[in-house]
Amino acid sequence: MFRFTFFVIVFAFCCSILYAAPKFSDRIDKCTIKTNKLDEISGIVPSMQYPDVFWVHNDDGEIKTVYAINIDGDLLASVELDIKKSKDWEDIAIAKSPADGKYYLFIGDIGDNDAKHDTRKIYRIEEPYVNASQDHDKITPDPEDIDVIEYQYEDGARDCETLLIDPFTNDLYLVTKREENVAVYTLKYPQSYQKENTATKIATLPMGDKNNMLDQIVGGDISPDGSEILIKSYIEVFYYKKDKNETYAQAFAKQPLTLPYVMEPQGEAICWDREGDGYYTISEMGPFKVVPHLYYYPRISSSTKEILKSSINLHIFQDKNQYLAEYTLPESCYVDIYMVDTDGNIVYNLLNEFVFAGLHRTKINSDDLPNGFYNVIIDSEKFRDSTKVLIVK
């Protein structure tokens with residue numbers, strides 16, 4: 001956490017455009033936060049199960065509580081963890097577990113301003129049920145249901161305020177802060193809850209400046225389909241595109257693009273919406289005690305994409321002893337369907353050809369696939385969808 005006097009900065013970031021820039025419109029002020037409990041918001045993530053619900057947290061004080069708010073800024077729930085006082089909660093992520101198919105929140109106690117702590121922690125809890133129109137509810141998870149991922153960096157202590165998660169594999173990614181060239185580290189799934197994990201460095205990013213506090217990396221998120229990455233500083237939002245055959249290390253090796261962002265008093269939190277159709281930002285109150293606003297930057301022409309995506313209805317089912325992928329194409333086009341294992345590797349190509357509009361079924365030849373979870377992804381120039389399958393033979 002860092003406090004600074006708010007002032008106007010003009011900042012230009014030039015880079016080589018190596019991939020097409022997505023288009024987002026100017027920000028929309030969705031609401032103000034209608035509770036004084038949230039004065040130092042440092043992380044935000046949308047619920048993937050309950051529409052118009054967001055999970056947020058503070059990064060100072062007696063940090064034990066995650067809060068649910070709705071799209072109007074109303075406080076819906078306080079989820080208090082029965083843990084010892086945390087040091088510095090800085091970011092939050094959400095993903096469906098490959099093991100049981102449930103959604104979990106990952107709360108990053110990852111801040112370390114002076115880089116003096118050998119180990120840091122990430123708490124994992126199952127996402128509680130919350131309705132976007134409910135009254136405030138207090139929730140206390142059973143301590144036995146709180147998983148703790150304790151970790152150290154392979155090359156020494158680091159400050160960090162950015163926690164990312166691969167929505168398919170549940171690999172965790174950490175982006176450091178107070179360094180001239182910030183680094184990306186990974187904690188591969190499955191993380192241990194019994195012994196200390198080691199975060200492995202996979203990339204160095206040419207951004208951030210340990211002497212310029214306004215340009216330090218303070219938040220980020222990976223899109224629900226795993227193909228787009230947001231990294232936020234106090235004054236910029238950086239964008240990385242991950243192609244289907246790339247690792248995240250390869251995606252981070254590209255030059256980032258910059259997306260629209262209006263600097264907030266102390267804006268540290270950013271997330272995609274639950275459909276990947278835009279991104280939200282929210283800030284702390286800052287030194288001038290400005291009431292936090294929830295801002296939204298919608299993707300231009302996203303409605304057409306969502307209509308096509310909702311029309312695909314990709315799902316997997318078993319017919320006797322074989323697995324079938326069923327989907328509906330709203331129009332004729334070239335289609336690529338493939339399977340990815342929990343390490344992010346493409347292990348099987350189901351289809352790569354021109355397909356006519358209509359209902360289709362494609363057989364999955366599972367003879368050479370080990371038992372386990374896989375992501376089945378359908379991709380074309382106009383839409384992308386995915387679903388999970390458990391292969392058991």
Side-chain angles (χ1 to χ4, degrees), residues 1 33 35-50 53-70 74-97 99-100 102-113 117-132 134-152 159-165 170 172-174 187 189-197 199 218-219 221 268-269 271 282 284 292:
M1 181 181 61
I33 304 305
T35 173
N36 58 10
K37 293 180 181 293
L38 291 166
D39 58 351
E40 296 202 20
I41 299 174
S42 186
I44 182 172
V45 74
S47 169
M48 299 305 290
Q49 301 185 90
Y50 314 119
V53 173
F54 298 86
W55 296 101
V56 296
H57 62 80
N58 291 318
D59 74 347
D60 197 8
E62 194 73 19
I63 312 171
K64 295 184 178 182
T65 306
V66 181
Y67 301 91
I69 60 172
N70 63 16
D74 301 313
L75 181 61
L76 305 175
S78 302
V79 183
E80 184 172 337
L81 278 58
D82 186 5
I83 57 174
K84 295 180 180 179
K85 181 180 178 181
S86 298
K87 294 183 174 66
D88 195 356
W89 283 13
E90 288 294 355
D91 207 357
I92 187 169
I94 189 170
K96 182 185 288 187
S97 169
D100 61 16
K102 298 178 180 179
Y103 280 98
Y104 288 85
L105 296 172
F106 294 77
I107 305 138
D109 185 7
I110 56 179
D112 189 2
N113 289 0
H117 298 288
D118 292 333
T119 61
R120 310 303 296 119
K121 294 178 180 178
I122 299 168
Y123 299 99
R124 190 189 85 144
I125 60 171
E126 184 178 346
E127 182 184 18
Y129 169 78
V130 176
N131 186 294
Q134 72 180 39
D135 293 330
H136 179 236
D137 185 23
K138 293 184 178 180
I139 303 170
T140 305
D142 189 316
E144 294 185 359
D145 295 331
I146 302 173
D147 298 318
V148 182
I149 302 169
E150 188 168 8
Y151 71 93
Q152 64 176 355
D159 187 26
C160 178
E161 295 192 7
T162 302
L163 174 65
L164 313 172
I165 189 165
N170 278 204
L172 293 167
Y173 296 90
L174 301 148
L187 293 164
Y189 177 87
Q191 299 85 16
S192 174
Y193 308 131
Q194 286 77 41
K195 62 180 182 180
E196 191 175 280
N197 298 266
V218 292
D221 197 20
E268 296 190 1
C271 68
I282 198 168
E284 300 185 9

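- Looking only at distances, a side-chain donor or acceptor of Gln191 sits under 3.5 Å from a matching main-chain atom of Leu187.
- Between Ser97 and Tyr189 the shortest heavy-atom distance is OG-OH, 4.3 Å.
- Using a cutoff of 4.0 Å between basic side-chain nitrogens and carboxylate oxygens, Asp147 and Arg124 are scored as salt-bridged.
- Counting heavy atoms from C-beta outward, Ile125 and Asp145 have side chains that stay 4.5 Å or more apart.
- Expressed to the nearest 0.5 Å, how far OH of Tyr129 lies from OG of Ser47 amounts to 10.5 Å.
- Not a single donor-acceptor pair under 3.5 Å links the side chain of Asp59 to the backbone N or O of Glu90.
- A side-chain donor from one of Glu268 and Ser42 sits under 3.5 Å from a side-chain acceptor of the other.
- When all heavy atoms are compared, the tightest approach of Gly43 to Ile92 is C-CG2, 3.7 Å.
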Asp39 and Asn58: side-chain contact (heavy atoms from CB on, under 4.5 Å), yes or no, with the steps?
CA-CA 7 Å; Asp39 58 351; Asn58 291 318; 3.9 Å; yes
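- Put simply, CD1 on Ile149 and CG on Asp109 are 12.5 Å apart, with the number rounded to the nearest 0.5 Å.
- Residue Glu127 forms a side chain to side chain donor-acceptor pair (under 3.5 Å) with just one option from Tyr50, Tyr104, Trp55, and that option is Trp55.
- For the pair Ala68 and Val53, the tightest heavy-atom approach, listed with the atom from each and the gap, is CB-CG1, 4.3 Å.
- With contacts defined as side-chain heavy-atom distances shorter than 4.5 Å, the pair Lys37/Leu75 qualifies.
- The closest side-chain heavy-atom distance from Leu81 to Tyr123 is below 4.5 Å.
- Contact record, Gly219 with Thr162: N-OG1, 3.0 Å, taken as the closest heavy-atom pair.
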Applying side-chain contact (heavy atoms from CB on, under 4.5 Å) to Leu163 and Phe106, what does each step give before you reach the verdict?
CA-CA 9 Å; Leu163 174 65; Phe106 294 77; 4.2 Å; yes
side-chain contact (heavy atoms from CB on, under 4.5 Å) evaluation trace for Ile107 with Val66:
CA-CA 8 Å; Ile107 305 138; Val66 181; 3.6 Å; yes
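- Residues Lys96 and Met48 are not in side-chain contact: their nearest non-hydrogen atoms beyond the backbone lie 4.5 Å or more apart.
- Residue Ser78 is tested with Lys64, His136, Lys138 for a side chain to side chain donor-acceptor pair (under 3.5 Å); the sole match is His136.
- Residues Ile94 and Ile165 fail the side-chain proximity criterion, which asks for heavy atoms closer than 4.5 Å.
- Atom-to-atom distance recorded for Glu126:CD and Tyr103:OH is 12.5 Å, nearest 0.5 angstrom.
- Of the possible donor and acceptor atoms, one in the side chain of Asp159 sits under 3.5 Å from a partner among the backbone N and O of Asp112.
- The CG atom of Leu174 sits 5.5 Å away from the CD1 atom of Ile110 when rounded to the nearest 0.5 Å.
- Taking a 6.0 Å sphere around CG of Asp142, one finds it holds more than 12 heavy atoms contributed by other residues, nucleotides or ligands.
- Taking CG of Leu38 as the start and CD1 of Ile69 as the end, the distance is 6.5 Å to the nearest 0.5 Å.
- Here the closest non-hydrogen pair linking Val130 and Ala77 is CG2-CB, 4.2 Å.
- With values rounded to the nearest 0.5 angstrom, Tyr193 atom OH is found 13.0 Å from Ile146 atom CD1.
- In this structure, Asn197 contributes its side chain and Glu150 its backbone to a donor-acceptor pair below 3.5 Å.
- Of the residues listed (Asp137, Thr140, Val79), the one engaging Pro128 in a side chain to side chain contact (heavy atoms under 4.5 Å, CB included) is Val79, and it is the only one.
- In this structure, Thr119 and Tyr151 have side chains that are not in contact, with every pair of non-hydrogen atoms separated by 4.5 Å or more.
- Considering only heavy atoms from C-beta on, Asp135 stays 4.5 Å or farther from Leu76 through its side chain.
- Relative orientation of the His57 and Trp89 rings is perpendicular, given thresholds of 30° and 60° on the angle between their planes.
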Check against side-chain contact (heavy atoms from CB on, under 4.5 Å), Asn70 and Asn131:
CA-CA 9 Å; Asn70 63 16; Asn131 186 294; over 6 Å; no
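- Taking 4.5 Å as the limit, some side-chain heavy atom of Ile282 sits within range of a side-chain heavy atom of Ile33.
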